[in-house]
Protein chains: 2
Amino acid sequence: MSQQRQGSTPGEADGVPAFPDLPEATIARLPEYLRALHHLAETGAETVSSEGLAAAAGVNSAKLRKDLSHLGSYGTRGVGYDVALLIDQIEYILGLDKNRAVCLVGVGNLGHALAGYAGFASRGFRVVALFDADPKKVGERINGLAVQHIDDLDRVAAEEGIAIGVIATPPGSAQAVADVLVAAGVTSILNFAPGVLSVPPNVDVRKVDLAIELQILSFHEHRKASLTALPGGRSAEGGNQEAVGS
Amino acid sequence: MSQQRQGSTPGEADGVPAFPDLPEATIARLPEYLRALHHLAETGAETVSSEGLAAAAGVNSAKLRKDLSHLGSYGTRGVGYDVALLIDQIEYILGLDKNRAVCLVGVGNLGHALAGYAGFASRGFRVVALFDADPKKVGERINGLAVQHIDDLDRVAAEEGIAIGVIATPPGSAQAVADVLVAAGVTSILNFAPGVLSVPPNVDVRKVDLAIELQILSFHEHRKASLTALPGGRSAEGGNQEAVGS
DNA sequence: CGCGATTTGTGCACGCCTTCACAAGCGCCT
DNA sequence: AGGCGCTTGTGAAGGCGTGCACAAATCGCG
Ligand SMILES: NC(=O)c1ccc[n+]([C@@H]2O[C@H](COP(=O)([O-])OP(=O)(O)OC[C@H]3O[C@@H](n4cnc5c(N)ncnc54)[C@H](O)[C@@H]3O)[C@@H](O)[C@H]2O)c1
Ligand SMILES: NC(=O)c1ccc[n+]([C@@H]2O[C@H](COP(=O)([O-])OP(=O)(O)OC[C@H]3O[C@@H](n4cnc5c(N)ncnc54)[C@H](O)[C@@H]3O)[C@@H](O)[C@H]2O)c1
């Protein structure tokens, strides 16, 4: 009710707590901090300094402090951050305490691997439904979950309260599947099919394209090769030489 | 004008052509332009305007023009860009004309899917070797390629000239595998295991973490939910397609 | 009780990236 | 041949993110 922009503590038992608008870059790093924190917690650490956590997450310590400062003051000067408390905070901000329901569309080569992936459940998500358009796939059970026909998506999504959908179909079907998901009320999509999806502005799309990742790496290979080729004149590329630098 | 070494065509028979240092953000988008261009080429388009290509790639047209301008002037004012020429240009810059050899380590749930993925070959990469530490997996054939023991990685990488490695092992093994790859002369790594890899500065690492992607989506779900819970006001303005590549 | 060691939180400056707006260039039509 | 419409390429401005450097805050200890 009294949600002023000055609300401060998010753990507030006030129904709808103040929601800080974090920079997008910060949001993208929070999951990495969270993973590092869980790892620390398992090793028994109770507190951690910004320096230590930054190292575990692979970032600059100043950046980490600034990121964490955006979600409130949860550190103690001279001591560090309380690991358990920080985990709760980040999980709250990311909305992971909701144990969100996720559905997966396209149980092919990749979808099969995703459906059996334990890393989802351990990080705050429940895969509650699998869909495919191929009648031969429907009924197949993966990890105790039966593949359903995509025509049932609308109904199942409503029943299970699914807000996040994962697309693992061929590129040609991705837009159609996205349309089905959106029509079913899904407002977040993770897309593995190469290509651009068109969705309403209230729907968030993130894409994962392995070929793009490899092509970026390839660029740097190309760049590195052209650099090493400059001084010597060796036409590299193909023969592999040992690591230079430290 | 301000640049001194510029204007060199890629097909230059000069051995080592000038290599423009593109902004990292531009590099990350080139693969998306390339995919869109291939799609256009298949539909028979000979030229495309910055507006049209930008729409196909899901970006702003000014951004696209600036990106392309970094690799030279390959457009024609009043007409647009020559599709075939631009494809060649981008593929050259990304080093895709080399048809790079890639190896995959960890033929488990995910690795199996990756090994059978046709999207690598069609986008400029050859998966030439599969490795695993499990004796039961060694010898298994996937897509005509036999799984080899990771102890052979060093030898095979040298034979095949492998510069790019993909890690699909459990997180606990990822660092050890990275060390093996680096020792074998691999200078680019795509890592699917959650966690931070430590590698020499001349080695590039890109990571793909599905849980992170979902958690970012979860944050936006949380944000959207808290907005609709507030008294009226602004409905989410939301970004369209955002792709934050690492 | 006060002091020094330690670590957080942040003001600030810098550089990168995005976006706008428009002059320059090109082809086509008259 | 000349003008007109279209599109590229780019200067400039603004915004965002990063990293430095330091004051403020806290704890432990004498
Ligand atoms: N396999 C990989 O390692 C890999 C890696 C990166 C990206 N991808 C991408 O992921 C997607 C899936 O790849 P894959 O190898 O699993 O392909 P696949 O052909 O093995 O599986 C696709 C599945 O989607 C189903 N499908 C097709 N149209 C559908 C529709 N309209 N509705 C519901 N289901 C439908 C098919 O029945 C099939 O089961 C592709 O876009 C591919 O480019 C795959
Ligand atoms: N399965 C998925 O959909 C999925 C999704 C996202 C991320 N991941 C990540 O990808 C990785 C692999 O996942 P998975 O489900 O395929 O696991 P998995 O257990 O099915 O497969 C792992 C494979 O790696 C092999 N391996 C283990 N140690 C090795 C070593 N030192 N050298 C070589 N090979 C070794 C194992 O023998 C096994 O075959 C994990 O880190 C996981 O977190 C998986």
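Reminder, nothing fancy here: chain letters follow the sequence lines and each chain counts from 1.
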message = Both A/T76 and B/G75 contact DNA chain D. Which one's nearest nucleotide lies toward the 5' end?
response = B/G75
message = Please identify the 5'-most and 3'-most nucleotides of DNA chain C with any atom under 4.0 angstrom from a heavy atom of chain B.
response = C/dC17 to C/dG27
inquiry  = For a quick check of understanding: with a heavy-atom distance under 4.0 Å over all strands, which category does B/T26 fall into, base, sugar-phosphate or nothing?
reply    = nothing
query = Just by modelled atom types, is the A/I87 backbone N or O under 3.5 Å from a matching donor or acceptor in the A/H38 side chain?
reply = no
message = Could you work out how much the helix from C/dC1-D/dG30 to C/dT30-D/dA1 bends, comparing the axis of its first five pairs with that of its last five, to 10°?
response = 10°
ask   = Residues two or more places apart in sequence or in another chain: which of them pass side-chain contact (heavy atoms from CB on, under 4.5 Å) with B/A121?
value = none
ask   = Any idea which heavy atoms bring B/Y117 and A/P194 closest together, and the distance?
value = OH-CG, 4.1 Å
query = To the nearest angstrom, how far is A/R77 atom CZ from D/dA25 atom C1'?
reply = 5 Å
remark   = Here the gap from B/L104 atom CG to B/F120 atom CZ, rounded to the nearest 0.5 Å, amounts to 7.5 Å
inquiry  = Once rounded to the nearest 0.5 Å, what's the spacing between atom NE2 of A/H222 and atom NZ of A/K224?
reply    = 13.0 Å
ask   = Using a distance-only test with no angle check, is there a side-chain donor-acceptor pair under 3.5 angstrom linking A/D67 and A/T26?
value = yes
request  = Return the value, rounded to whole Å, for the distance between atom NE2 of B/H70 and atom C1' of D/dT8.
outcome  = 14 Å
task = Look only at the side chain of A/H220 and the backbone of A/I216, and say whether a donor-acceptor pair between them is shorter than 3.5 Å.
result = yes
query = What is the minimum heavy-atom distance between B/I212 and A/A28, and which atoms define it?
reply = CG2-O, 4.3 Å
ask   = Atom CZ of A/R65 and atom C1' of D/dA23: how far apart are they, to the nearest Å?
value = 13 Å
inquiry  = Could you check whether any side-chain N or O of B/S218 sits under 3.5 Å from a backbone N or O of A/L94, counting only pairs where one atom can act as donor and the other as acceptor?
reply    = yes
key: Euclidean distance, atom CG of residue B/D82 to atom P of D/dT8 [Å, nearest integer]   = 13 Å
message = Using the side-chain heavy atoms of A/K63, tell me which of these nucleotides is nearest: D/dG9, D/dT18, D/dC27.
response = D/dT18
message = From CD of B/E24 over to P of D/dT18, roughly how many Å is that when rounded to an integer?
response = 14 Å
query = Which distance, rounded to the nearest 0.5 Å, do you find between the OH of A/Y74 and the CG of A/L68?
reply = 11.0 Å
key: Main-chain N/O of A/Q215 paired with B/R123 side-chain donor or acceptor, under 3.5 Å   = no
Nucleic acid contacts - residues 31-62 of chain A versus DNA chain C, non-hydrogen atoms under 4.0 Å = A/S49, A/S50
key: Salt-bridge contact B/R29-B/E32 (side-chain N to carboxylate O under 4.0 Å)   = no
key: Crowding at CG, A/D21 (>12 non-hydrogen neighbours, <6.0 Å)   = no
Nearest-Å distance for atom pair OH/C1', residues A/Y74 and D/dA25 = 18 Å
ask   = Roughly, in whole Å, what's the span from CG in B/L64 to P in D/dT8?
value = 8 Å
request  = For A/Y81 and for B/G78, locate the closest nucleotide of DNA chain C by heavy-atom distance; then report the residue assigned to the nucleotide nearer the 5' terminus.
outcome  = A/Y81
Restricting to nitrogen or oxygen on both sides, can you table the protein-nucleotides 1-3 of chain D pairs closer than 3.5 Å?
none

note = Between the CG atom in B/L37 and the CG atom in B/L86, the distance rounded to the nearest 0.5 Å is 5.0 Å
task = Examine distances only and state if a side-chain atom of A/H70 and a backbone atom of A/I27 form a donor-acceptor pair shorter than 3.5 Å.
result = no
Atom pairs, N/O to N/O, protein against nucleotides 12-15 of chain D, distance under 3.5 Å?
residue, atom, partner, partner atom, Å
D/dA12, N6, B/K66, NZ, 3.0

Donor-acceptor side-chain pairing of B/S198 and B/Q175 below 3.5 angstrom = no
